[in-house]
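Encoded as C-alpha cells, the structure appears first; notes follow it.
To find a chain, count down the sequence lines: A is the first, B the second, and so on, and within it residues start at 1.
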Protein chains: 2
Amino acid sequence: MLTISQVSKRTGLTPYTLRYYEKIGVLPESNRSDGGARIYTEEEVSFIHFLNRLKQLGMSLDEMKEYFCDGCVLEKVQQGEDIEDTLNKRIDILIKHLAELETKKQELEYTISLTKDKLAIYHHLSK
Amino acid sequence: MLTISQVSKRTGLTPYTLRYYEKIGVLPESNRSDGGARIYTEEEVSFIHFLNRLKQLGMSLDEMKEYFCDGCVLEKVQQGEDIEDTLNKRIDILIKHLAELETKKQELEYTISLTKDKLAIYHHLSK
DNA sequence: GTACAAGTTAGAGTCGACTAGAAGTCAAGA
DNA sequence: TCTTGACTTCTAGTCGACTCTAACTTGTAC
C-alpha cells in the first residue's frame, strides 16, 4: 500500500500528473484511506510503468484509456461481469495495439538504417 | 521544384505546418520563386519524410532542430565551411541519436513482449 | 491543543504543436 | 483590365498534456 508521493517517486510522474490521469480516466479511481487519501497497490505501479512505456513510444492519453479498460478487465472478470463479451473485446483491442507496435518497430528499424547510412556518408566525408 | 501545396500532399503536413516548421527552425529557409512563393526540392521532401518518422517515434520539434543542422551539413560542406569541425559535430549528434533509437527499439521490444504475455493470459481466460 | 507535513478539490495558467483568420501580393485566363 | 486561385505575412485561437495556486482536511509529534 503506497501513498501518491511514493508512487510519484517510483514512476517519475508527479502527484499532479497522477491525479490528472485519474481525473481524465487514464487511471482507474484509486482506493482511499479512511482520511480520503489515495492508496496504490504494486499492481497499479506496474500498470503506470507500462503506460509510461507507451507514452515514450508516442501514444496519446486518449489511446491509453483503452489500455485502462484493458488494465481493469481482470477485476471485472472477478466481479462476474459478462466474461465472454468483455474479454473478447479486450483481446481485440490488444491484438490491434500489438499490430500497431509491430508496425512501429518496423518503422523504427527503417529509421535506424537510414541514420546508419547517413553516418556512413559523413564518416566517408570526414576522412 | 515543388510548391507548398504539392509538398503538403506528398508529406501529409499542411501548408500551415510547413511554414510553422520553417519559422521555428525545424526546416531550413526555403528558396523562393520570383514572386516570393516557397519552392521545394525532392531532397527537402525526403528530409520532411524523415522528420515525420522521427515525430511518429515521439521526437519533439526541438530535438528535430538538431536533425535540421544535420540535414544541411552537406550544403555547408559544399560551401567550404570548417569541414572538420562541422562534420565531426554532426557525426557526434548522429551517433547520439542512433543510440537513442536503439534504446527505443529495446523498449519497444519489451513492450511488445509484455503485450503478448497479457494476450496469452486473456486467451487462456476466455476459453 | 497546536504546529506541521502531506494529502484533498476546483479551477486557472503554461507550454508545445499546430490551426485558422485577416489582409495583402502575384500570375494566369476571360 | 478584372477576377480567381494560390500563395504571402502576421497574429490570434485551439487542443492536449500537464503544472500550479488557493483553500481546505487529516494524521502525527511535541
Side-chain angles (χ1 to χ4, degrees), chain A residues 1-41 44-45 47-69 71 97 100 104, chain B residues 1-41 44-45 47-69 71 97 100 104:
Chain A
M1 292 305 167
L2 303 156
T3 68
I4 198 164
S5 58
Q6 287 171 318
V7 173
S8 172
K9 271 172 203 152
R10 289 222 204 169
T11 61
L13 299 178
T14 67
Y16 296 136
T17 306
L18 290 167
R19 291 190 203 102
Y20 170 70
Y21 278 13
E22 186 177 325
K23 192 179 176 185
I24 64 168
V26 165
L27 291 174
E29 294 202 0
S30 340
N31 294 323
R32 302 298 182 111
S33 68
D34 289 350
R38 286 171 182 78
I39 39 180
Y40 296 86
T41 64
E44 282 173 280
V45 171
F47 181 57
I48 293 166
H49 276 125
F50 185 63
L51 292 184
N52 268 338
R53 311 192 81 80
L54 298 177
K55 188 170 68 176
Q56 285 301 312
L57 298 168
M59 184 174 285
S60 72
L61 298 183
D62 262 13
E63 288 172 299
M64 283 184 209
K65 279 195 205 176
E66 292 190 13
Y67 263 108
F68 154 56
C69 295
H97 276 291
E100 283 167 13
K104 194 153 261 187
Chain B
M1 292 304 165
L2 303 155
T3 67
I4 199 165
S5 58
Q6 287 171 318
V7 173
S8 172
K9 271 172 204 153
R10 288 221 206 168
T11 61
L13 299 179
T14 67
Y16 295 136
T17 307
L18 290 167
R19 291 190 203 102
Y20 171 70
Y21 277 13
E22 186 177 325
K23 190 178 176 186
I24 64 168
V26 165
L27 290 175
E29 293 202 0
S30 339
N31 293 323
R32 300 299 180 110
S33 69
D34 289 349
R38 286 171 182 79
I39 39 180
Y40 297 85
T41 64
E44 281 172 280
V45 170
F47 182 57
I48 293 166
H49 275 126
F50 185 64
L51 293 184
N52 267 339
R53 311 191 82 80
L54 298 176
K55 188 171 70 175
Q56 284 301 312
L57 298 167
M59 185 175 285
S60 73
L61 296 184
D62 261 12
E63 288 171 300
M64 283 183 208
K65 280 196 205 176
E66 292 190 14
Y67 264 106
F68 153 55
C69 296
H97 276 293
E100 282 167 15
K104 194 153 261 188

- Item | Nearest-angstrom distance from the residue atom CG of L27(A) to P of dC18(D) | 11 Å
- Query: What is the distance, rounded to the nearest whole Å, between atom CG of L2(A) and atom P of dA6(C)?
  - Reply: 16 Å
- Item | Between dT8(D) (P) and L18(B) (CG): distance, integer Å | 10 Å
- M1(A) atom CE is separated from dG7(C) atom P, nearest whole Å, by 17 Å
- Message: Looking at R38(B), I'd like to know whether one of its side-chain N or O atoms comes within less than 4.0 Å of OP1 or OP2 on dC7(D).
- Response: no
- side-chain hydrogen bond (donor to acceptor under 3.5 Å, both in side chains) filter on S33(B), not counting sequence neighbours, yields none
Identify all side-chain donor-acceptor contacts of residues 19-29 of chain B below 3.5 Å with residues at least two apart in sequence or on another chain.
unit_1, atom_1, unit_2, atom_2, d
E22(B), OE1, S30(B), OG, 2.5
E22(B), OE1, R38(B), NE, 2.9
E22(B), OE2, S30(B), N, 3.4

- Which atom pair, heavy atoms only, marks the closest approach of S8(B) to L18(B)? N-CD1, 3.9 Å
- Task: Decide yes or no for L13(B) and L51(B): does some side-chain heavy atom of the first lie under 4.5 Å from some side-chain heavy atom of the second?
- Result: no
- Query: Taking all non-hydrogen atoms of both residues, which atom of K104(B) and which atom of L57(B) are closest, and how far apart?
  - Reply: NZ-O, 2.7 Å
- Task: Please determine if a side-chain N or O atom of T3(A) lies less than 4.0 Å away from the OP1 or OP2 oxygen of dG7(C).
- Result: yes
- Message: Can you confirm whether R10(B) sits close enough to V7(B) that some side-chain heavy atom of one is under 4.5 Å from a side-chain heavy atom of the other?
- Response: no
- Item | Sugar-phosphate, base or nothing in reach of S33(A), heavy atoms under 4.0 Å | nothing
- Closest to the 5' end of DNA chain D, once Y40(B) and I24(A) are matched to their nearest nucleotides, is Y40(B)
- Spacing of K65(A) atom NZ relative to dG16(D) atom C1', expressed in whole Å: 11 Å
- Out of dA17(D), dT8(D), dT8(C), whichever nucleotide has its closest atom nearest the side chain of S60(A): dA17(D)
- Report the distance from atom CD1 of I39(B) to atom P of dC7(D), rounded to the nearest whole Å. 13 Å
- Rounding to a whole Å, what distance do you find between E63(A):CD and dG16(D):P? 13 Å
- Quickly work out the E22(B) CD to dT8(D) C1' distance and round it to whole Å. 12 Å
- List the protein contact pattern of nucleotides 18-30 of chain C with one symbol per nucleotide (5' to 3'): B for base contact, S for sugar-phosphate-only contact, - for none; contact means a heavy-atom distance under 4.0 Å. BBB-----SS---
- Query: Roughly how far, to the nearest 0.5 Å, is the CD atom of E100(B) from the CG atom of L54(B)?
  - Reply: 10.5 Å
- Query: R19(B) near the nucleic acid: base, sugar-phosphate alone, or nothing, with a heavy-atom cut-off under 4.0 Å?
  - Reply: base
